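These numbers come from a predicted model, not from an experiment. Basis for what follows: all heavy atoms, side chains included, without hydrogens, waters or symmetry-related copies.
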2 protein chains.
Amino acid sequence: MNSDRFSLPIPAPDVLSERCPSRDVLRHMTSRWGTLVLIVLCHGTHRFSELKRNIGGVSERMLAQTLQQLEGDGLVLRVAHDVVPPHVEYSLTPLGQGAADRLRELAAWIEDNLPAFLPAQAA
Amino acid sequence: MNSDRFSLPIPAPDVLSERCPSRDVLRHMTSRWGTLVLIVLCHGTHRFSELKRNIGGVSERMLAQTLQQLEGDGLVLRVAHDVVPPHVEYSLTPLGQGAADRLRELAAWIEDNLPAFLPAQAA
DNA sequence: ATTCAAACTTACAAAAATGTAGGTACTTCC
DNA sequence: GGAAGTACCTACATTTTTGTAAGTTTGAAT
């Protein structure tokens with residue numbers, strides 16, 4: 001019902017409005033490395049070093065930072081086994097799975113249509 | 001057949017590999033304002049000032065720059081009527097339509113699932 | 001004559017993202 | 001003993017992105 005004596009009306013989520021929290025979620029999911037991490041994790045659980053190998057060009061610093069952000073958003077689950085050398089596994093939460101599915105579709109579409117982009121890339 | 005005497009093998013498009021051009025396309029489409037511009041243009045042709053009004057928080061500078069980038073990628077079509085004051089219309093190319101559809105789905109998914117993110121946002 | 005509007009552009013400044021290099025802890029292998 | 005592997009963190013420098021404010025052009029409205 002969203003309106004007792006004390007509550008203000010909550011506007012519907014809308015990425016087009018500046019202050020909507022959905023904007024932040026969108027930015028995290030579409031961040032340079034965030035998108036790629038989520039796509040890789042679609043294929044199942046991975047360790048830090050595996051992610052680094054799979055995602056061409058990512059630095060350790062950026063990978064660690066991105067993973068923390070995604071974990072903070074509840075998209076990625078981090079499980080550390082307390083052994084030496086360290087062994088940490090990253091996977092998608094159910095929420096992350098939903099996010100990653102959409103991103104995978106986007107990436108797949110780009111890959112499928114890449115020829116259509118190439119003429120433009122030339123310029 | 002992709003291999004006469006002079007051609008090098010062209011690897012399949014893959015956003016995970018550093019040098020694949022699909023990476024650049026992905027970055028443009030998922031740029032801060034690029035995503036939002038494409039989403040708005042889903043609803044049809046718009047003028048510069050309309051886009052600015054519809055996309056909360058965008059500056060003229062960023063909007064102009066983003067539109068040029070999307071036009072350069074062949075996603076957006078710019079039509080200028082030579083009158084004064086200027087009248088310019090932006091719309092999606094067929095390619096842009098495909099791109100925008102995927103982004104709209106992503107945005108819609110985020111908006112629909114925003115409640116699931118809010119606990120995480122608190123921290 | 002002044003103001004206004006459109007769709008930009010430009011210069012400059014500030015903020016954010018990213019990269020590089022190095023360090024840590026501990027264990028196992030050579 | 002020394003090297004390698006794991007999953008990071010930290011300081012620092014550089015690059016990229018973004019914002020702000022101002023200027024441009026031309027005709028029409030006041």
Side-chain angles (χ1 to χ4, degrees), chain A residues 15-20 23-38 40-41 44-73 76-91, chain B residues 15-20 23-38 40-41 44-73 76-91:
Chain A
V15 291
L16 295 179
S17 59
E18 197 173 358
R19 300 165 184 273
C20 182
R23 271 273 183 94
D24 302 322
V25 176
L26 179 64
R27 287 200 73 183
H28 293 172
M29 283 181 50
T30 60
S31 71
R32 177 164 187 187
W33 304 113
T35 305
L36 300 178
V37 166
L38 290 171
V40 170
L41 288 181
T45 298
H46 286 275
R47 305 180 57 168
F48 186 88
S49 53
E50 291 173 341
L51 289 170
K52 181 164 145 60
R53 266 193 300 280
N54 283 314
I55 301 173
V58 71
S59 65
E60 294 193 352
R61 187 187 179 290
M62 278 295 106
L63 182 55
Q65 192 172 301
T66 301
L67 284 167
Q68 284 169 7
Q69 178 135 90
L70 296 176
E71 196 194 350
D73 284 341
V76 162
L77 184 70
R78 187 190 115 110
V79 177
H81 302 90
D82 195 9
V83 293
V84 115
H87 184 113
V88 182
E89 297 191 324
Y90 292 95
S91 58
Chain B
V15 291
L16 294 180
S17 59
E18 196 174 359
R19 300 164 184 275
C20 182
R23 271 275 182 91
D24 302 322
V25 176
L26 180 63
R27 287 200 73 184
H28 293 173
M29 282 180 51
T30 60
S31 70
R32 177 163 187 188
W33 304 112
T35 305
L36 301 179
V37 166
L38 289 171
V40 170
L41 288 181
T45 298
H46 287 277
R47 304 181 58 170
F48 185 88
S49 52
E50 291 172 342
L51 289 168
K52 182 165 143 62
R53 266 193 299 280
N54 282 314
I55 301 173
V58 72
S59 66
E60 293 193 351
R61 186 186 178 290
M62 277 295 103
L63 182 55
Q65 193 171 302
T66 301
L67 284 167
Q68 284 169 8
Q69 179 135 88
L70 296 176
E71 194 194 352
D73 285 340
V76 162
L77 184 70
R78 186 190 114 111
V79 178
H81 300 91
D82 196 8
V83 293
V84 111
H87 184 113
V88 183
E89 297 191 323
Y90 292 94
S91 59

Roughly how many Å is it from [atom1] in [X] to [atom2] in [N], rounded to a whole number?
X       : N      : atom1 : atom2 : result
A:His81 : C:dT27 : NE2   : P     : 18 Å
B:Leu67 : D:dT18 : CG    : P     : 14 Å
A:Glu18 : D:dG19 : CD    : C1'   : 12 Å
B:Met62 : C:dA11 : CE    : C1'   : 14 Å
A:His28 : C:dA16 : NE2   : C1'   : 12 Å
B:Leu51 : C:dA7  : CG    : P     : 9 Å
B:Glu89 : C:dC8  : CD    : C1'   : 16 Å
A:Arg32 : D:dT15 : CZ    : C1'   : 11 Å

Counting any heavy atom closer than 4.0 Å, what does B:Gln68 reach on the DNA or RNA strands: base, sugar-phosphate only, or nothing?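 Sugar-phosphate: the residue B:Gln68, judged by heavy atoms under 4.0 Å, touches backbone atoms but no base.
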Does the [X] side chain pair with the main chain of [Y], one donor and one acceptor, at a distance under 3.5 Å?
X       : Y       : value
B:Arg23 : B:Val15 : yes
A:Glu50 : A:Arg47 : yes
B:Thr30 : B:Thr35 : no

Does the side chain of [X] get closer than 4.0 angstrom to OP1 or OP2 of [N] through an N or O atom?
X       : N      : result
B:Ser59 : D:dT18 : no
A:Ser49 : D:dA7  : yes
A:Arg53 : D:dG5  : no
A:Arg47 : D:dA7  : yes

B:Arg78 has a side chain; which of C:dT18, C:dC8, D:dT6 sits nearest to it?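 The nucleotide sitting nearest to the side chain is C:dC8.
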Among D:dT18, C:dC8, D:dA7, which is the nearest nucleotide to the side chain of B:Val88?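 Selected nucleotide (nearest to the side chain): C:dC8.
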Is any side-chain heavy atom of A:Asn54 closer than 4.5 Å to a side-chain heavy atom of A:His46?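 Yes. Closest side-chain heavy atoms under 4.5 Å.
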Partner of B:Gln69 under side-chain contact (heavy atoms from CB on, under 4.5 Å), chosen from B:Leu67, B:Thr66, B:Asp73: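 Only one of B:Leu67, B:Thr66, B:Asp73 forms a side-chain contact (heavy atoms from CB on, under 4.5 Å) with B:Gln69, namely B:Asp73.
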Nearest-nucleotide 5' precedence on DNA chain D, A:Phe48 against A:Arg27: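 Nearest nucleotide further toward 5': that of A:Phe48.
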Starting at the 5' end of DNA chain D, which residue's closest nucleotide do you reach first, A:His87 or A:Arg61?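 Its nearest nucleotide lies further toward 5', so the answer is A:His87.
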By nearest nucleotide on DNA chain C, pick out whichever of B:Glu60 and A:Gln65 is the more 5' one.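 Its nearest nucleotide lies further toward 5', so the answer is B:Glu60.
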